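Below is one structure; the comments refer to it alone.
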2 protein chains.
Amino acid sequence: MERKASVTIHDIARELNISASTVSRALNDNPRIRKSTKEKIKALALELGYQPNTIASNLRTQKTHTIGIVVPLINRHFFSTFISGVEDVAFDAGYNVIISQSKDLLQKEQQIVNSMFSNRVDGLITSLSMQTSAFEHFQLFANKNIPLVFFDRIAPGFEANKIIVDDFACGFKATQHLIDEGYQRIAHLAGPTVLNTYHDRMEGYKSALIKNNMPLEDELIICNRLTRMDGQEAIKKLLDLKNPPDAVFCGNDTSALSMIVYLKSQGIRIPEDFGIVGFSNEPFSEVVTPSISTLKQPAQEMGQKAAELIINEIENKELPRTYQTITMPTELIVRESSSRKFN
Amino acid sequence: MERKASVTIHDIARELNISASTVSRALNDNPRIRKSTKEKIKALALELGYQPNTIASNLRTQKTHTIGIVVPLINRHFFSTFISGVEDVAFDAGYNVIISQSKDLLQKEQQIVNSMFSNRVDGLITSLSMQTSAFEHFQLFANKNIPLVFFDRIAPGFEANKIIVDDFACGFKATQHLIDEGYQRIAHLAGPTVLNTYHDRMEGYKSALIKNNMPLEDELIICNRLTRMDGQEAIKKLLDLKNPPDAVFCGNDTSALSMIVYLKSQGIRIPEDFGIVGFSNEPFSEVVTPSISTLKQPAQEMGQKAAELIINEIENKELPRTYQTITMPTELIVRESSSRKFN
DNA sequence: TTGAAAGCGCTAACAT
DNA sequence: ATGTTAGCGCTTTCAA
């Protein structure tokens with residue numbers, strides 16, 4: 001029942017009448033240790049069930065081989081897939097991954113970022129909460145020159161690496177697609193436009209309308225948090241307009257889904273009477289009826305890229321820092337919810 | 001560009017002409033420090049931008065306030081939701097969460113478990129890989145008396161806390177439901193039955209058939225890894241039998257979905273001609289057409305419970321250890337894919 | 001109420 | 001090829 005004190009390199013050293021440093025070197029495969037000594041040491045280490053104490057090593061080397069990730073919600077498909085991508089690359093490079101979720105609360109995000117710092121993560125990868133519009137809490141990392149990568153919801157103007165998709169182009173593509181399908185009056189449901197993602201999608205939407213000489217109308221743009229409930233409220237509001245839209249480009253798939261459910265319940269046919277395009281390519285979008293046209297972001301690849309970037313930065317600290325913003329490719333996936341032409 | 005050395009308690013001590021221990025005590029709100037001293041210290045700490053070095057503290061106190069989680073795949077909804085539940089409780093209790101995915105590979109699982117140990121996590125929460133049928137790699141934790149919680153896919157016979165659902169009862173309920181709906185010949189698609197989850201679901205299935213005086217037939221039971229592809233192959237095989245089934249209870253929703261897609265493509269009507277029940281209540285199950293009847297596991301709550309259990313164990317190390325197996329409630333959600341009676 | 005001193009387990013100059 | 005020594009930054013016993 002009692003916790004047996006762990007075996008340390010000193011235990012091994014004592015037993016073999018050598019010094020702890022030799023043991024340390026041997027276990028780290030330092031070439032300056034004689035092969036026979038190494039073998040002796042490793043054999044005994046195995047026999048005694050020695051397990052290195054990473055904490056001690058971390059303290060000594062000032063390096064934790066740990067990457068922190070902060071996302072709004074761990075169990076959102078986009079984020080969990082991103083995390084999976086990070087973990088893949090990190091694991092292969094010998095890094096651990098420590099994760100927290102902000103729950104879209106600025107205050108929690110701030111706490112987490114501080115905690116990650118105190119835990120001396122070697123780098124931090126993050127996508128901002130819906131409430132985040134100031135970035136002082138990340139200054140801690142910038143000041144200490146600790147690598148920082150923003151993805152998806154980024155801090156505009158903050159000097160750091162960033163991984164995004166071209167949300168403007170996505171918004172444009174989605175809207176242009178609806179126009180091409182013959183929809184006449186296209187609305188947009190946006191998320192909080194303090195966030196670059198939702199802001200840019202909306203601008204892309206507007207730009208497409210303008211390019212096609214269609215009027216921008218304030219009443220056709222609704223901003224909320226894009227939950228299922230939000231989607232339903234939005235579509236109700238839109239249908240209640242004197243001059244309601246015949247299509248909506250939604251800021252995410254969840255709200256698009258709830259709109260579809262509501263429209264179906266009202267006997268409004270999709271895509272014949274009403275067109276919908278969502279965002280993110282959630283797993284359900286492909287299999288729901290009608291299937292949801294959407295924009296696919298390469299979540300796994302974004303995570304991998306983020307990990308590569310940050311590990312590279314961690315391991316090349318001395319190089320003059322140059323920050324890049326990497327734009328990953330997206331794909332407009334046209335499905336039933338907007339495909340009049342196939343009918 | 002150069003990394004400015006961090007402020008330590010010694011810097012604060014020097015500046016105030018006091019000892020580092022006093023600073024340490026003050027910052028930790030030790031009651032034996034005079035209030036005025038405390039305030040002076042905290043003010044200076046703030047001014048200098050002091051951030052505690054958790055690593056050093058961890059080494060000294062032999063406690064990391066970190067919980068390790070090992071799951072097969074981070075971006076499976078059940079697992080990411082479980083993780084979210086753990087993180088919620090852990091964060092509130094001042095614990096960090098470090099995560100790795102085994103990718104259902106035993107070897108990776110072993111590596112991860114060792115690495116988690118070396119990182120001196122205070123406890124480990126895990127769901128086994130599909131390849132795991134021996135558990136020596138967890139012995140490390142058991143030997144050192146480090147709290148260990150298995151969930152979902154557990155190590156039978158291993159002395160540890162466990163959080164599960166009653167998979168046997170689930171299998172029984174699902175099958176009984178299909179029988180009640182009038183299906184005559186019910187097949188089962190199982191995952192690797194070395195895992196308790198899939199094994200128990202299958203036994204539940206068998207038990208329901210027996211109870212209803214229906215024959216058990218080997219050809220109606222297929223085992224694979226339950227991917228989409230696996231589901232499709234399985235349903236093809238089943239339909240090719242001389243005497244094919246008219247319903248399937250699937251070990252997960254993914255394979256159930258792929259069966260539905262295939263059946264629809266063959267013009268087989270669901271639920272009229274064929275009944276399907278899945279497992280896990282993936283987000284898509286509710287919205288696909290036909291919607292999928294399934295068993296709902298309380299993933300978030302399981303995660304919370306796991307965190308509570310392990311934190312309690314961590315913080316009451318001295319108590320004689322008693323291991324519990326907690327069975328969480330499940331719910332059979334009846335939807336279109338098996339609801340003949342509603343038609 | 002505060003300080004001195006030791007040490008958690010490891011690594012890395014610097015010696016030999 | 002190996003040993004000596006110092007110390008990473010913190011906590012904690014013991015002493016004052």
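Throughout, a chain's letter reflects where its sequence line sits, starting with A, and its residues are numbered from 1. Quick caveat: nothing in here was measured; it's all calculated off a predicted structure. Keep in mind that the numbers below use all heavy atoms, side chains included, and drop hydrogens, waters and symmetry copies.
- Residue A:Ile55 is out of contact with every strand shown, counting any heavy-atom pair closer than 4.0 Å.
- Using a 4.5 Å heavy-atom threshold, the side chains of A:Lys162 and A:Val149 count as separate.
- For A:Leu59 and D:dC10, the CG to P distance is 9 Å, given to the nearest whole Å.
- Side-chain atoms of A:Ile33 lie closest to D:dT2 of the nucleotides D:dT2, D:dT4, D:dT12.
- Evaluated for a side chain to side chain contact (heavy atoms under 4.5 Å, CB included) with A:Ile98, the options A:Thr66, A:Ile67, A:Val70 yield exactly one hit, A:Thr66.
- A:Thr54 comes within 4.0 angstrom of no nucleic acid atom, judged by non-hydrogen atoms across all strands.
- Residue B:Asn58 is classed as having no contact, given no heavy-atom separation below 4.0 Å to the nucleic acid.
- Taking 4.5 Å as the limit, every side-chain heavy atom of A:Asn196 sits out of range of all side-chain heavy atoms of A:Pro156.
- At least one side-chain heavy atom of B:Glu313 sits less than 4.5 Å from a side-chain heavy atom of B:Asn161.
- Here D:dT4 presents its P atom at 11 Å from CG of A:Asn17, a figure rounded to the nearest Å.
- If you measure from atom CG of A:Asn53 to atom C1' of D:dC8, you get 13 Å, rounded to the nearest angstrom.
- Look at CZ on A:Arg14: it is 14 Å from P on D:dG3, rounded to the nearest Å.
- Scanning atom types as modelled, one donor and one acceptor separated by under 3.5 angstrom connect the side chain of A:Arg32 and the base of D:dT2.
- B:Thr8 comes within contact range of the sugar-phosphate backbone alone, with a heavy-atom separation under 4.0 Å but no base atom that close.
- Side-chain polar atoms of B:Asp88 and B:Gln300 form a donor-acceptor pair below 3.5 angstrom.
- Using a 4.0 Å heavy-atom distance criterion, B:Ser21 is classed as a base contact.
- Taking a heavy-atom distance under 4.0 Å as the criterion, the stretch of DNA chain C touched by chain A extends 5' to 3' from C:dG9 to C:dC14.
- Distances shown here put a side-chain N or O of A:Ser19 below 4.0 Å from the OP1 or OP2 atom of D:dG3.
- Residue-to-nucleotide contacts include a donor-acceptor pair under 3.5 Å from the side chain of A:Arg25 to the base of D:dG3.
- Using a 4.0 Å heavy-atom cutoff across all strands shown, A:Thr61 reaches sugar-phosphate atoms only and no base atom.
- A salt bridge links A:Lys108 with B:Glu87: the closest approach of a Lys/Arg side-chain nitrogen to an acidic carboxylate oxygen falls below 4.0 angstrom.
- Between A:Leu16 atom CG and D:dG3 atom C1' there is a gap of 15 Å when expressed in whole angstrom units.
- Residues B:Gln111 and B:Asn114 are not in side-chain contact: their nearest non-hydrogen atoms beyond the backbone lie 4.5 Å or more apart.
- A straight line from CD1 of A:Ile12 to C1' of D:dG3 spans 17 Å, rounded to a whole angstrom.
- When each of A:Tyr50 and B:Ala20 is assigned the nucleotide of DNA chain C bearing its nearest heavy atom, the one mapping closer to the 5' terminus is B:Ala20.
- Put simply, B:Ser6 has no side-chain N or O that comes within less than 4.0 Å of OP1 or OP2 on D:dG9.
- Side-chain atoms of A:Thr22 lie closest to D:dG3 of the nucleotides D:dG3, D:dC10, D:dT12.
- Distance, B:Gln62 CD to D:dT12 P: 11 Å, rounded to whole Å.
- Taking atom CG of A:Asp29 as the reference point, atom C1' of D:dA1 lies 15 Å away to the nearest angstrom.
- For residues 82-103 of chain A, the set of pairs meeting the ring-ring contact (aromatic ring centres under 6.0 Å, His included) definition, not counting sequence neighbours, comprises A:His65-A:Tyr95, A:Phe82-A:Phe151.
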